[in-house]
Every structure is written in C-alpha cells, then in structure tokens.
Amino acid sequence: MKRIISLALAMIMIIAAVSTMASCNSGAKVKVFTEYELTAEKYAFAVAKENTELKEAANELLADLKANGELDKIINSFFDGTADFTYTNTVSSVPTGADRDNYLVVATNAYFPPFEHYEGNKLSGIDMKIASLLAEKLGKTLYIYDMNFDAVILSVQKGNADIGMAGMTVNEERLKSVDFTTEYYESAQVLIVREDDEVFANCKSADDIVATLEKQGKSFNVGAQNGTTGYMFSAGNEEFGYDGFTNLTTSGYDTGALAVLDLSNGKIDAVILDKQPAIMIASNTNK
Ligand code: ARG
C-alpha cells in the first residue's frame, strides 16, 4: 500500500514538474536592440595549450567547412529553424580511465541557443553539430559535457574536457590560459529590455545605449551570464580590459535565459547578451 502511495505521489510530482516546464512565462514581453551592437566579438573553440594536434584537426575541419559552404549552411539552418540535428550522449557520465581516449569530450554550457541548447533532453545547436563532425573526423565518440560557462576554460586547461565549444569569444586574457582555433563566427553584445521600457526609448545608436547606461544609478540592475564577455562589459573587468558601468548594478546569472526571465518579471531592468542568443531567448520568453 505504502508503495502505491509513494508511486502515485511520484507520478503527481512528475506531472506537476512537466506542466510548470511547459507553461508559458506570464511576465512582460521583452525586446532586443539588435541594431545597436555594443561590442565586436569573434567566436572560436578553446583547446589546451599543448594540444596542437586537436587544434590542427579542428582548424582543418573549419577550413573545409568554410571552403565548401557547409559552415554557412549549418549556421543558417540553426538560425531559421530548419536544422534537424540533435545529439544524446552514449554514456551517462564523463568517460574516464582506459575508455577516455575513445571519446572527444566537449565542454559547453548548453543554454545558449542557437549555438548550444536542449531540445527536450537532446543537445542541439551550431557548436554541437560541428562537435559531431569533429568527433567523426577524429574517429571518436562525442561526449558533450554540459557545465557552467565559467568552468569551460578551466576544464579544458585541466584536460577534463578536450575542447571548449561554447560560443566563446576569443580575447587576449583567455589566450593566456588556452589556445583558440580559427574563428568561425562574428558576434556582438546587445541590450534587452522590457517592451514597455522608456529608459532607452530615444536611443538611436550603440553610443546612445552606452551613454544611457552611464547615466543610471545603483538601483538600475543589469543581468548577464556569469563569466561571459557580456557580464564583463557591464560589470567591468580590469584584466580583460573592460571599464564596465560601475555606476549601476550588474547581477550574474547561471544562464542568459534566467536573466531574461527576471527581466520579464520586473526583477531587473536590462540584460546584456550575445546577439543571436538574445534574439532566440527573447523570442522564447515572448511566446
Ligand atoms: N560569447 C560570450 C563569451 O564568450 C558568451 C558565451 C556564452 N556561451 C554559452 N554557451 N553559454 O563570454
């Protein structure tokens, strides 16, 4: 009898969990200032300094994909939603021991559509597709190691993962810890606000956005994902060469989507995020 009750309870809990996941966000709609690019950034994959072999294989793959037009096709298909690539790890935890060498372990943070994200419980996105091609080229099985974004570089440095494929921006400071492959995408940070926002209503350029951010006080709260260039742009980071906006408050989030959710619910005033993920996450939030 007890068993039946706990089974029933478990069922109810699962149903409740699934229905909250499926329910729409009840907060305000948000909008992205897609035209006003606050930074200019380039993405590449991160490998350990000593791992020239893997770097060269990845560079060769990227060169091929660029030359035959495949890279553009992959990127476009994830932008317009026609891509049908998904991946599920073949083992339930990070391969170790004698088996480790048979795997290409890819470090990412899979909350960054369309570069890496979940479709149900399957992994998808531009970087994940390229990861699968890289594993194929190397004759290895792909293992996608989903972690906090701010752990990606360290895990590559320590060899817990072979390569970081995470919509990662190349910069001098990161180059001190890891090597980067050739660049495969150009991006920018952009600002997201609630649709009824009035603070930035008169902005006509990226400079206007920056000037408006500079005018805000400590009660103005900007959200960004921890460890990202967007976070550094807002909060400042001396080592990385970001002055930041010390006049306002920057709040760090585990994912960009959580920041946008808080924005929609009125808990923060703006979010700074990479452009294409901003567009995707905003559109998911507005559904
Ligand atoms: N391009 C930004 C950076 O390198 C953000 C990357 C976030 N990526 C992710 N998979 N969550 O800092």
Side-chain angles (χ1 to χ4, degrees), residues 32 34 37-47 75 78-79 87 105-119 122-132 142-157 160-192 222-242 244 250-261 271-282 284-285:
V32 187
T34 49
E37 302 192 342
L38 303 174
T39 60
E41 306 185 12
K42 286 179 179 158
Y43 295 171
F45 306 129
V47 291
I75 291 173
F78 281 100
F79 280 14
Y87 187 77
V105 178
V106 172
T108 198
N109 167 262
Y111 297 87
F112 198 67
F115 291 90
E116 40 269 338
H117 56 272
Y118 283 95
E119 270 181 26
K122 293 180 176 157
L123 289 146
S124 186
I126 296 163
D127 291 339
M128 303 298 95
K129 171 70 189 177
I130 300 173
S132 78
L142 175 62
Y143 183 86
I144 296 170
Y145 193 174
D146 185 14
M147 59 183 72
N148 281 340
F149 181 74
D150 51 14
V152 171
I153 289 203
L154 199 65
S155 82
V156 170
Q157 230 181 337
N160 295 341
D162 299 312
I163 187 166
M165 304 179 81
M168 190 174 281
T169 302
V170 180
N171 60 41
E172 289 304 316
E173 196 56 30
R174 286 175 177 162
L175 274 164
K176 288 183 189 163
S177 319
V178 286
D179 266 359
F180 278 99
T181 62
T182 47
E183 289 141 0
Y184 65 96
Y185 188 73
E186 284 183 15
S187 188
Q189 299 302 314
V190 294
L191 191 80
I192 314 174
V222 176
Q225 187 180 19
N226 288 318
T228 62
T229 47
Y231 183 90
M232 295 177 217
F233 176 80
S234 184
N237 185 311
E238 214 177 305
E239 281 162 45
F240 278 76
Y242 289 96
T250 304
S251 296
Y253 287 85
D254 279 346
T255 70
L258 287 173
V260 175
L261 193 62
V271 170
I272 291 177
L273 201 64
D274 296 48
K275 182 168 170 171
Q276 204 60 37
I279 294 169
M280 299 265 174
I281 291 170
N284 288 340
T285 305

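Whatever order the structure lists ligands and atoms in, that order sets their numbers, starting from 1. Bear in mind that the values here come from a model prediction, so they are computed numbers and not experimental data.
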task: Assess Phe149 for proximity to ligand 1: is some non-hydrogen atom of it under 4.0 Å away?
output: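 Contact present.
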- prompt: Are any of the heavy atoms in Tyr43 under 4.0 Å away from ligand 1?
  reply: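 It does, in that a heavy atom of Tyr43 comes within the 4.0 Å cut-off of ligand 1.
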message: Taking side chain to side chain contact (heavy atoms under 4.5 Å, CB included) as the criterion, tell me which of Ile144, Val152, Val156, Ile130 meets it with Met165.
response: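 Single pass found, and it is Ile130.
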Output yes when the distance from some N or O of ligand 1 to some N or O of [X] is under 3.5 Å, and no in every other case.
X      : answer
Glu116 : yes
Thr108 : no
Arg174 : yes
Gly167 : yes
Thr229 : yes

Heavy-atom pair of closest approach, residues Pro114 and Phe78: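 Looking at all heavy atoms of both residues, the shortest contact is CB-O, 3.7 Å.
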task: Identify the protein heavy atom lying closest to atom 1 (N) of ligand 1, giving its residue, its atom name and the separation to 0.1 Å.
output: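 So the nearest neighbour among protein heavy atoms is Asp274 OD2, 2.7 Å.
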query: Among protein heavy atoms, which lies nearest atom 8 (N) of ligand 1, and at what distance?
result: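 So the nearest neighbour among protein heavy atoms is Ala166 O, 2.8 Å.
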Residue pair Asn237 / Glu173, side-chain donor-acceptor N/O under 3.5 Å: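 There is no such pair (donor and acceptor under 3.5 Å, judged by atom type) between the side chains of Asn237 and Glu173.
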query: Are Asp274 and Gln189 linked by a side-chain donor-acceptor pair shorter than 3.5 Å?
result: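 Judged by distance alone, the side chains do pair up.
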query: Given Tyr43 and Asp127, is the side-chain hydrogen bond (donor to acceptor under 3.5 Å, both in side chains) satisfied, shown in steps?
result: CA-CA 10 Å; Tyr43 295 171; Asp127 291 339; over 6 Å; no
- prompt: Which of the numbered atoms in ligand 1 are below 4.0 angstrom from a heavy atom of Met168?
  reply: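 Checking each atom against Met168, I get 4 (O).
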Atoms in ligand 1 with a heavy atom of Gln225 nearer than 4.0 Å: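 With Gln225 as reference, the close atoms of ligand 1 come out as 7 (C), 11 (N).
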query: Above 12 or not: heavy atoms from other molecules or residues under 6.0 Å from CD of Glu186?
result: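 Not more than 12 within 6.0 Å, no.
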task: Take the angle between the ring planes of Tyr145 and Tyr143 and call it parallel below 30°, perpendicular above 60°, tilted in between.
output: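 Answer is perpendicular, since the angle exceeds 60°.
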- prompt: Going by the angle between their ring planes, with limits at 30° and 60°, are Tyr184 and Phe45 parallel, tilted or perpendicular?
  reply: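 If you compare the ring of Tyr184 with that of Phe45, the planes turn out parallel.
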